[in-house]
Amino acid sequence: MSTDLVAVIGFVALFALMLLRVPVGMAMGLVGVVGYSYVVGVWPALKLVGQTSLRTVSDYTFGVIPMFMLMGAIVTVSGVSRELFKAANSMIGHMRGGLGAATVLACGGFAAISGSSVATAATFSNVAYPEMRRFKYPESFSTGVIAAGGTLGAMLPPSTVLAVYAILTEQDIGKLFMAGIIPGLLAMAMYVLTIAIIVRVRPDWLPRGEQKPWRERFADLKSVWAPLALFIFVIGGLYGGFFTPTEAGGVGATGAFLLGIARRRLDRAKIREALLSATRTAAAVFTVLIGALLFGYFLTVTQTPQKITDFLVHLGIGRYGVLVVLMLMYLALGCLMDAMAMIILTVPIVFPVITHLGFDPIWFGIVIVMTVELGLITPPVGMNVFVIKSVVDRVSFATIFRGVAPFVLTDIIRLAIIIAFPVLAMWLPSRM
Amino acid sequence: QDKPVNLKMSSWVPAQHPLNPALQAWADDIKKASGGTITATLFPSEQLGKAFDHYDMARDGIADLAYVNPGYQPGRFPIMAGASLPFLFSNGKSGSAAIDAWYRQYAAKEMKDIKVCFAFVHDPGTFHARKKITLPTDINGMKIRPATSTIGQMVTLLGGTNVQASAPAARDALEKGVADAITFPWGSIILFGIDKVVKYHIDVPLYVTPFVWGMNKDKYESMSAAQKKVIDDHCTSEWAEKVAANWADYEAAGKGKIAAEAGHEVYKLTPEQLDAWRKAVAPVEGTWAEGVKKTGEDPKAVLDNLKASLVKYKAAL
Amino acid sequence: MQQATTPNLTDRIIGTIEWLAAISVGVVALNIFVSVVLRKFFSTSIPDAYDFGRMLLSILIFWGIAATSYRGGHITVDLLWSAVGPRAKRAIDVFATLMLLVFVIMQTAMLFDKVRLTRIDNVLTYDLNLPTWPFYAVAWTGDACAVILIAVRTWRLIFAPDKLHDEGYETAHPSIEESKS
Ligand code: NA
Ligand code: NA
């Protein structure tokens, strides 16, 4: 059997196993080991399992993942999302569409201290959705804005997906984090603009919220200091080079913990919940990492990545043609798996193509994460939408997808802007 | 007619590293000598496995040939660690022939799981610092990114603190003051852009890192007698030097380039200063000797043999 | 998350394992925090902080994987599963759990081999020259527990699905917020 055929069978088997609900990491690991056994030998393949597992879990660089997860988990249980939403709502909730814009701002604030898109969507399903419904916002819009706002979690630093991309491609995590800031802020501005347009088109659709006296509004705003301080401390420290990314995660988690204790937002049960939640997410992601490495070694010995690169480069559709093909592939994969699994599975294969075509690795990291996140809010299947549905059970998928549609449009425009003007992603990291 | 063999060669350094073309040239010569029956594919950049695991990869057949840094696993190869003691090697080329000739007598025992094709070293590295280091006492209180665990012990001994960072992250660590100095070969300083952040360079061959080009035993045994002979002819001290030469030249040329850059100070040590260094770092040898004793070898004899080999190949400092 | 049943032995074991893993996460963060403070303000470091951090990480991940495997908290593709009827769902679940078991058994066996060799090869920590194998052995224990617990899960899934359901098989999935990122 030719190695090409072996690789193709490997991919088919992988997707079959995943569709049969074998955990993504185990599916990749199993196919990787069987394929490697066939190409190289059973004994080396088995040895590779032990070696890869141990090396991956004891890699200091990978430590950045559980650390930022822990930081995110601690701020989640500390009720920061509620405070952020309350503050944003106090300031602009009384305007038409104001609750929606407040949701976007609060999602952005939360995203600045949490690394996960899904966690952001989940927490605001609990916090912002009931409030929007109380003021008679439509179900579709209320869920849609949360789904879109959630994607900020992976774009604004810290971002676990960007961190994993950086590790897999040996790029500077700090630079990727900085690269996400302007596209993230642009996303917030464009989401708010989208809401303003909706208000113009359907003035009755998004009613005014309640207006508080200025004293109360400032009092609500004051509680923002804690997440803001945490953001400046962690991301500023990373930007200024006071610590490495892994250290930023560890120090950020400790900082979030100390802040939570000092502000009496944490008790034993909550600390326990945060630690367990970080452990579970980390374990799930490391399983995928180990599996992807095994699958990757199998592909390497069949020389698949080189062949795919050669194929795409000689396709004659130009570098942007290849880029579009890759992005469509990501949107399709978005129907199957979550952002992290997608990045881990595909980046080792796609990255050589990108560097070969002369695209900037940092910029591509931003583009790929935006695309992957777009896949999480587009039909027929999207993880952020699933999460919102799991919290807000009465709403149908169709309703959520309808509500998120205007934001999807915004995201596509934003993606085009970032592709046309790479400087938006590249400027901040170039100042480091 | 010999059965055709394809060898998976694994090198953990990035594709553009000067070692890779030398390894490829080694493989090309084997192909020629074997009449085309032995071919090889080089996988750079940790494509087959992590740098740390390369010895095990050669042992387990994950790679047929692997570029091994024995120092990545402190304690595992105590004899080889002797070559990483400070102030021994004067240069990387004849130094590679010297370490290979020396290590041949221990390889079969210390690296019994693989066929050691040859041992080699890079061109000697030194301290590159943000502030001037001339005497061992200057290390006290400094944060240093050491090249090997032996250099790490030396730093601790002299009252410094070790900062661990991968080679690409080292520049950042130095720029931000996480580290004050690094031990590195000269050319790599420029390769990783570290010359932008450190200004003071002692012109002394402080240390080398020993490496091994190792082969999977079963793969070797599976070959015909004629093919084995071709491999053996390419596992010699001459080839050690040949493979190391390209990289050694690259590193050595870095010194001139750095000296020519504005604002850099490259300075030599006086014989008295060098003596002070040798005295100050002597206890590191004691620590090393303890490790060797456990293997049943006599550390003094091991080190004397190495020194003799260095003299013989004109690579002694 | 659990119904009001008294937790049985496997649940208690898994709870303990998971809790120990969770404590490791906290210790890793603390280790980093203290290292940074010592370096910034006292120009010194905890010997082997780097290696301790790495090894604690390995413990937390393997123990975490054990718990995650038992609770069915891994990242999965649910597209087909959520579209089929209960009988097919069960068939898929049995198959998926068996595959999980196969992989984790293989991983545990080969990790044992790796830990054994780390001991024989006398691999030491960077600063203090302590043997590294005991840490990895502790990490391995997590994987070994995972095998037993997944075997229990598989057995129940095949022969006693009711029992599994009683334990909250449907609801004991950690919420998506926790299991996905
Ligand atoms: Na974020
Ligand atoms: Na989708």
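Numbered from 1 within each chain, the chains take letters A, B, ... in sequence-line order.
- Side-chain contact between V57(A) and Y136(C) is absent, with no heavy-atom pair separated by less than 4.5 Å.
- Proximity to chain A is absent for every atom of V34(C), based on heavy atoms less than 4.5 angstrom apart.
- Most heavy-atom pairs under 4.5 Å with chain C, from the set L70(A), T52(A), T120(A): that is L70(A).
- The pair R21(A)-D93(C) counts as a salt bridge, with a side-chain nitrogen and a carboxylate oxygen less than 4.0 angstrom apart.
- Rounding to the nearest 0.5 Å gives a distance of 13.0 Å between CZ of F243(A) and OG of S35(C).
- Between atom OG1 of residue T76(C) and atom CG of residue D338(A) there is a gap of 9.5 Å, rounded to the nearest 0.5 Å.
- Between S69(C) and M26(A) the shortest heavy-atom distance is OG-CE, 4.5 Å.
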Please list every donor-acceptor pair under 3.5 Å in which a side-chain atom of residues 42-50 of chain A meets a protein atom from a residue at least two apart or in another chain.
unit_1, atom_1, unit_2, atom_2, d
K47(A), NZ, D113(C), OD2, 2.8

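- In terms of heavy-atom pairs under 4.5 angstrom with chain A, the leader among L80(C), V25(C), L30(C) is V25(C).
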Q: Verify side-chain contact (heavy atoms from CB on, under 4.5 Å) between W19(C) and L275(A), making sure each step is shown before the conclusion.
A: CA-CA 8 Å; W19(C) 182 228; L275(A) 286 170; 4.2 Å; yes
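- Heavy atoms closer than 4.5 Å to chain C are found nowhere in F257(A), neither backbone nor side chain.
- Here the closest heavy-atom approach between residue L30(A) and residue M99(C) is recorded as CD1-O, 3.7 Å.
- For CZ of F397(A), the number of neighbouring non-hydrogen atoms (other residues, nucleotides, ligands) closer than 6.0 Å is greater than 12.
- With a 4.5 Å cut-off on non-hydrogen atoms, M67(A) touches chain C through its side chain but not through its backbone.
- For the side chain to side chain contact (heavy atoms under 4.5 Å, CB included) with T287(A), the qualifying choice from I65(C), I75(C), V104(C) is I65(C), the only one to do so.
- Contact of the S58(A) side chain with the L57(C) side chain is not registered, since no non-hydrogen atoms from C-beta on lie closer than 4.5 Å.
- In this structure, the portion of L79(C) lying under 4.5 Å from any heavy atom of chain A is its side chain and not its backbone.
- Taking F62(C), F95(C), Y50(C) one by one and counting their heavy-atom pairs under 4.5 Å with chain A, the maximum is reached by Y50(C).
- Heavy-atom pairs under 4.5 Å with chain C were tallied for V24(A), D59(A), T56(A), I271(A); the largest tally goes to V24(A).
- In this structure, chain C has no heavy atom under 4.5 Å from any part of V391(A).
- Ion pair E247(A)/R39(C) flagged as a salt bridge, since at least one NZ, NE, NH1 or NH2 atom sits closer than 4.0 Å to an Asp/Glu carboxylate oxygen.
- The side-chain heavy atoms of E18(C) and R280(A), taken from C-beta on, include a pair separated by under 4.5 Å.
- There is no contact between I65(A) and chain C, counting heavy-atom distances below 4.5 Å.
- If you measure heavy-atom distances from V288(A) to chain C, the contacts under 4.5 Å come from the side chain alone.
- At a threshold of 4.5 Å between non-hydrogen side-chain atoms, the residues V22(A) and F103(C) do not count as touching.
- With rounding to the nearest 0.5 Å, the separation of CG in L54(A) from OG1 in T132(C) is 8.5 Å.
- The contact between T246(A) and chain C is made by backbone and side chain atoms together, counting heavy-atom distances below 4.5 Å.
- If you measure heavy-atom distances from I59(C) to chain A, you find no contacts under 4.5 Å at all.
- The candidate from A29(C), G26(C), A21(C) with the greatest count of non-hydrogen atom pairs under 4.5 Å with chain A is A29(C).
- Side-chain contact between I32(C) and Y60(A) is present, with heavy atoms from C-beta onward closer than 4.5 Å.
- Considering all non-hydrogen atoms of both residues, G64(C) and T279(A) come closest at CA-CG2, 3.9 Å.
- V251(A) and V36(C) make their closest contact through CG2-CG2, 3.9 Å (heavy atoms, listed as atom of the first residue, atom of the second, distance).
- Only the side chain of I290(A) comes within less than 4.5 Å of a heavy atom in chain C; its backbone stays farther off.
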